[in-house]
A.B. asks: 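Pasting a structure below so you can have a look.
Every heavy atom of this structure was used, including side-chain atoms; hydrogens, water molecules and symmetry mates were not. A note on names: the letters A, B, ... follow the listed sequences, proteins ahead of strands, and every chain is numbered from 1.
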Amino acid sequence: MSEITPELVRHLGSLARIELSDEEITRLTGQLDAIVDNIAKVSEVATADVVATSHPIPLANVFRDDVVGEPLTIEQALQNAPDTADGRFRVTAIMGDEQ
Amino acid sequence: MTDLTRLTAAALAEKLASGEVSSVEATSAHLDRITAVDGDLNAFLHVNEGALAAAAEIDRRRAAGDALGELAGVPLAIKDVLVTTDMPSTSGSRILEGYMSPFDATVVARARAAGLVGLGKTNMDEFAMGSSTEHSAFGATLNPWDPTRVPGGSGGGSAAAVAAFEAPLALGSDTGGSIRQPAHLTGTVGMKPTYGGVSRYGSIALASSLDQVGPATRTVLDAGLLHDVIGGHDALDSTSLPDSWPSFAAAAREGARGDVLKGLKIGVVRELPDSGFQADISTSFRAALAAMEAQGAEIVEISAPHFEYGVAAYYVLMPAEASSNLARFDSVRFGMRVTPHAGATVEEVMSATRAAGLGEEVKRRIILGTYALSAGYYDAYYGSAQRVRTLIQRDYTDAFAQVDVIATPTSSTTAFKFGEMSDDPLAMYLNDATTIPANLAGVPAISIPSGLSDDGLPIGIQFVAPVREDARLYRVSAALEALLQDQWGGPLLDRAPMLGGKA
Amino acid sequence: MAKDKLLSFEEAIELYEPVLGFEVHVELNTKTKMFSSAPNEFGAAPNTNLSPVCLGLPGSLPVVNGTAVRYSISLGLALGCEIAESSGFARKNYFYPDMGKNYQISQSDEPIAFEGEVEVELADGEIITIPIERAHMEEDAGKLTHVGGATGRIQGAAYSLVDYNRAGVPLVEIVTKPIFGTEERAPEIAKAYVQTIRDIVISLGISDAKMERGNLRCDANVSLRPRGQEKLGTRTETKNVNSMRSIERAVRYEIQRQAAILKAGGSITQETRHWHEDTGATSPGRPKSDADDYRYFPEPDLLPVQPSAELIAELRAALPEKPAVRRRRLMSEWGFTDLEFQDVVNGGLVAEVEATVAAGASPAAARKWWTGELTRIANVEGREASDVASPEHVAQLQLLVDAGTLTDKLARQVLEGVAAGEGSPQEVVDARGLAVVSDDGALIAAIDEALQSQPDVLAKIRDGKVQAAGAVIGAVMKAMRGQADAARVRELVLERAASLD
Ligand SMILES: [Mg+2]
Ligand SMILES: [Zn+2]
């Protein structure tokens, strides 16, 4: 059995920056529990002597020459931004006011 | 006059080259078809306002005697996972509604350079997460064979568009079967190239180590023609293979002559017994094998003992990579922004935006992936899943020591009804058990129609070849396609019900 | 902000053993960014040095800058490190608006360089060996400007603006192992270590290494443990220490602050702290809630870096002299006394003096300018001396003095102009009209006028009372607003006194 709890799901939501309602947390807890039980079987066969594959086809040393390309225009850079000011992206305060 | 939308891309290309048909005529015919049927079907999220102008430009260049590619002037539908400069790109998500990319995906740029005419952007499960296109933020796409059923996913829009003759060619992306499974459910052809064979640059990433862009078409030759246009090395994608590739269209043409089946060894996976598939799917699969055997192919049973761990490994790796790839949708540089209350901090804005802008399935997978990567779980999940990946690659290596290609039914069921699986994510996930191993190992795989079910729904057969042997798949599947079309007296899609009351 | 209680440094060291550790981030001076062809260039207008990769635009993919890899290997070798046969990139996941992808591409368990050591020479010539744990490649983040609120700091700001120009600039992060046995010299060793890293990257030519521009950034870890205790104490990580002087001060401050807490029976909170140049104090940073869960995993968009033995040998052969060896050589070449040389070393000015000599000045003159006037201006203005003027400018200044165009006094005025960004010494001379009046005609006219208006002085000079000339010289220098060579004026005064009717 896995240890998916509502508290864990809430924590994962905050790590992933997704606000979850209580109802979503309840539903996700049940669903994740079932999924995690199922995917946990990966550890059954994956013994330490088997190497991990992160790329399906082995390649190495893929490098780019240090040559400047055409940068985006500032219009292109900002064209999809929800909010801008002075040629920059604007966001609301980065943390709440100090307590 | 022939209905231009019923032509294969290859046939249309011939008429364009000979001057019998203009690209404007061909493009107009497809735009008219979209107008006629897509209101119901919802295969397109956006239709290109510039399509006729692009077509006219190709006609002008042809008239001026410019050297043009074989597919110049042929219309193309583009899965919305691919970014385009002339149309919005949303990956089926509310969070990217209206997003305009300052650059074209490499495959789009290559298609443009080859003179293909972009018709529009096709519907998909949000961020390519799904097997039914029910998870699109912009409404489901219907299956042209039966509007009460799903067209598969995530590339249901591209598959439905070619099946419904809205486009002769479409681009898709396949992370766990998203090109092949919709092909199976719609009676079309879907090819997932060797990982790295087609550039991922400009494909909105779901799972970087699994994603591959490929063609969705009605014939094997059309898939080969499109693959020739979009494939090959791209310096903007580090994982792009530097290989030079043979012509896949040439391979398909060669295969259609039939003699490639003589002496061909076809592997059938012991661990995927007929009992695991809908009965009429197994029947169709066996009949296709028998037809090939009759032409001199040899059926060999092979063992792939680790395939049964494929789905589990996939549902670790895919959500883990996705949770990271999708972190950029945070309301700062692009996309939706939701400000929950005055004075909200940027953290609160990000969390509220992602809560509102991402669909249920996407949230579920992000949370799952975040869990799999979390401190304390990495080795048990991600590390183990990567080892399973190695084991599945070994299964393929062992198998391909004995056989030239592996054949399986593409998926375990025919097109299911809307809502039938969406309440049970686990059941939906298991639907991809046959297609997932190829993504994990990076090997090429294709699905082509093999017949109809008892209730008249299309069924596909999947062939898998070793890494870099994409051409072999085109040869073999073109050979089977020719055999089956002889039996059927024409393409399978001729038996699809007519849509929109238009013959 | 409540003021911290501090124990005297002497008592702190008597009671506790300091253990140090450093993370130094070096920005590489490649032409393009770490993972895209966007320009790596300081000072451009906001958001103009961007590729789709820098903004994390949907569909964009990173491609590794080969030159950055070569620079990183060279730096690893210069730090005495082993170079990994295979190293890989990893994603460090955390949300922050200065990062386009909300993950930083870095290296985690496969750094390109590991297990090294650096020899650091202190002011008295003693050599300390600093153990290096690793040096890894990563990308820089963009820049946030906090608007509104009282302080311009993050707290209380109404909103923030993001410029991603710096996002994706190649970084090498150099991490030391815990450094034991520094004792009362801990602050001095901290400064000397960062200076040595700076000397190394400058000698390799791989970074502009200007601390005030953030090319070189140091996080200092400090912990204390009671004398005789085996177990390490709880450490703090002080960030934002952006000048050599601050490193020394910040380490000293943390030792004193932690000692006061420990002595009073308190315990140290493990946290990041921020250094404030203005108050000379550290303050607690925001506790980073995600800090212990970065969810590292291998970057699937990139492939392993596997440098060949040939490449490593080639880069090793091209390594410049070790800074300590170089110092000994320079000391003998320049003919400085121990004291003179230490002055240069303490000021962190070895590279500047060397470059100035290379640009044509004598070693003595180069030393004089850098440890004298330039250091004075730097201190007054709170800048690095290396940022006040370039070695080429200093050499040019000295050449102007040698040619008689400038007196020492005028030269100092020219330097102020150079420091203020008015251009090269020659440009400042031209713009401010500061050159010595070398036109004898102008001088003679002034001298004649002075002599004729003071007939008594003229008479005395003619009588051989040469010292009387002083009054005339003074008047002429005043008329020339100091822009004349006093020796030449004296010569001319005597000449004119003899020849005037
Ligand atoms: Mg650090
Ligand atoms: Zn770092």
Side-chain angles (χ1 to χ4, degrees), chain A residues 2 4 8-9 11-21 24-25 27-28 31-32 34-57 59 62-65 72-73 75-83 89-97, chain B residues 99-100 102 194-196 209-210 235 238-239 241 306 309 312-313 315-316 323 327 330-337 339-340 343-347 349-352 354-355 358 363-364 366-368 370-372 374 380-381 383-391 393 425-426 429 440-442 467:
Chain A
S2 74
I4 308 292
L8 176 62
V9 172
H11 171 67
L12 295 170
S14 93
L15 273 181
R17 294 282 190 275
I18 300 175
E19 194 181 302
L20 298 171
S21 66
E24 276 179 303
I25 287 174
R27 192 175 62 240
L28 278 169
Q31 288 175 339
L32 285 194
I35 296 166
V36 164
D37 278 349
N38 201 267
I39 62 176
K41 72 191 277 189
V42 290
S43 53
E44 282 173 25
V45 281
T47 48
D49 56 312
V50 180
V51 295
T53 295
S54 35
H55 292 94
I57 298 180
L59 288 174
V62 177
F63 302 132
R64 182 172 55 74
D65 288 341
L72 295 173
T73 64
E75 292 74 24
Q76 288 175 319
L78 300 178
Q79 69 175 345
N80 289 289
D83 194 10
F89 298 86
R90 179 151 73 172
V91 295
T92 56
I94 292 193
M95 56 184 300
D97 287 342
Chain B
Y99 174 75
M100 290 302 295
T194 294
Y195 183 83
S209 75
L210 300 163
S238 304
T239 60
L241 294 172
H306 300 101
Y309 300 95
Y315 278 95
V316 172
S323 71
D330 66 357
S331 82
V332 176
R333 295 157 305 284
F334 43 76
M336 178 197 263
R337 175 176 293 183
T339 306
T345 64
V346 69
E347 288 90 340
V349 171
M350 285 181 184
S351 299
R354 289 163 65 79
L358 299 174
K363 290 183 205 176
R364 182 157 47 230
I366 290 175
I367 298 291
L368 177 60
T370 304
Y371 168 75
S374 252
Y381 293 115
S384 296
Q386 289 200 322
R387 293 191 164 90
V388 168
R389 200 165 184 166
T390 308
L391 295 170
Q393 284 190 332
L426 198 53
Y429 295 175
L440 290 170
V467 156

A.B. asks: Determine the minimum heavy-atom distance between A:Ser54 and B:Gln386, stating which atoms define it.
C.D. replies: CB-NE2, 3.2 Å
A.B. asks: Any idea which of A:Ser21, A:Ala48, A:Ala52 has the most non-hydrogen atom pairs under 4.5 angstrom with chain B?
C.D. replies: A:Ala52
A.B. asks: In terms of heavy-atom proximity below 4.5 Å to chain B, should A:Glu75 be classed as side chain, backbone, both, or neither?
C.D. replies: neither
A.B. asks: Report yes if some heavy atom in the side chain of B:Leu368 is under 4.5 Å from a heavy atom in the side chain of A:Val36; otherwise report no.
C.D. replies: yes
A.B. asks: Heavy-atom cut-off 4.5 Å, strictly under: side chain, backbone, both or neither for A:Ile18 against chain B?
C.D. replies: both
A.B. asks: How long is the span from the CD1 atom in A:Ile57 to the OG1 atom in B:Thr194, to the nearest 0.5 Å?
C.D. replies: 5.5 Å
A.B. asks: For a 4.5 angstrom cut-off between non-hydrogen side-chain atoms, does A:Asn38 reach B:Tyr315?
C.D. replies: no
A.B. asks: Once rounded to the nearest 0.5 Å, what's the spacing between atom OH of B:Tyr371 and atom CG of A:Leu12?
C.D. replies: 8.5 Å
A.B. asks: Within the distance-only criterion (no hydrogens, no angle test), does the side chain of B:Arg337 pair as donor or acceptor with the backbone N or O of A:Val91 below 3.5 angstrom?
C.D. replies: no
A.B. asks: Can you name the closest pair of heavy atoms from A:Val42 and B:Tyr381 and give their distance?
C.D. replies: CG2-O, 4.1 Å
A.B. asks: What residue in B:Ser384, B:Gly383, B:Gly442 has the most heavy-atom pairs under 4.5 Å with chain A?
C.D. replies: B:Ser384
A.B. asks: Quick one: which of A:Ile35, A:Val45, A:Leu20 has the most heavy-atom pairs under 4.5 Å with chain B, could you say?
C.D. replies: A:Val45
A.B. asks: Quick one: CG on A:Leu28 to NZ on B:Lys363, what's the gap to the nearest 0.5 Å?
C.D. replies: 8.5 Å
A.B. asks: Looking at CD of A:Glu24 and CD1 of B:Ile367, how far apart are the two atoms once the value is rounded to the nearest 0.5 Å?
C.D. replies: 9.0 Å
A.B. asks: If the condition is ring pair (Phe, Tyr, Trp, His ring centres under 6.0 Å), which residues does B:Tyr309 pass it with, not counting sequence neighbours?
C.D. replies: none
A.B. asks: Report the C-alpha distance between B:Val388 and A:Lys41 in whole Å, list the side-chain angles of each, state the deciding distance to 0.1 Å, and finish with yes or no for side-chain contact (heavy atoms from CB on, under 4.5 Å).
C.D. replies: CA-CA 10 Å; B:Val388 168; A:Lys41 72 191 277 189; over 6 Å; no
A.B. asks: Could you check which of B:Ser351, B:Ala327, B:Ser323 has the highest count of heavy-atom pairs closer than 4.5 Å to chain A?
C.D. replies: B:Ser351
A.B. asks: Can you tell which part of A:Leu78 gets under 4.5 Å to a heavy atom of chain B, answering side chain, backbone, both or neither?
C.D. replies: neither
A.B. asks: Examine whether an atom of A:Arg90 lies under 4.5 Å from a heavy atom of chain B, and if so say whether it belongs to the side chain, the backbone or both; otherwise answer neither.
C.D. replies: backbone
A.B. asks: Select one option (side chain, backbone, both, neither) describing which atoms of B:Leu440 are under 4.5 Å from chain A's heavy atoms.
C.D. replies: backbone
A.B. asks: Do B:Thr345 side-chain atoms and A:Ile94 backbone N/O form a donor-acceptor pair below 3.5 Å?
C.D. replies: no
A.B. asks: So, do B:Arg389 and A:Pro56 sit near enough that their side-chain heavy atoms are less than 4.5 Å apart?
C.D. replies: yes
A.B. asks: Which heavy atom in A:Ala16 sits nearest to a heavy atom in B:Ile366, and how many Å separate them?
C.D. replies: CB-CG2, 3.7 Å
A.B. asks: Does any non-hydrogen side-chain atom of B:Glu347 lie less than 4.5 Å from one of A:Arg17?
C.D. replies: yes
A.B. asks: Which heavy atom of A:Pro82 sits nearest a heavy atom of B:Gly335, and at what distance?
C.D. replies: CG-O, 3.3 Å
A.B. asks: Looking at B:Ala235, B:Ala380, B:Ala344, B:Gly196, which one has more heavy-atom pairs under 4.5 Å with chain A than the rest?
C.D. replies: B:Ala344
A.B. asks: Any chance you could measure B:Leu391, atom CG, to A:Thr47, atom OG1, to the nearest 0.5 Å?
C.D. replies: 7.0 Å
A.B. asks: Tell me, for B:Val349 versus chain A, whether the close heavy atoms (under 4.5 Å) come from the side chain, the backbone, both or neither.
C.D. replies: side chain
A.B. asks: Counting heavy-atom pairs under 4.5 Å to chain A, which of B:Met100, B:Met350, B:Met336 comes out on top?
C.D. replies: B:Met100
A.B. asks: Calculate, to the nearest 0.5 Å, the distance between atoms CZ and OG belonging to B:Arg387 and A:Ser43 respectively.
C.D. replies: 11.0 Å
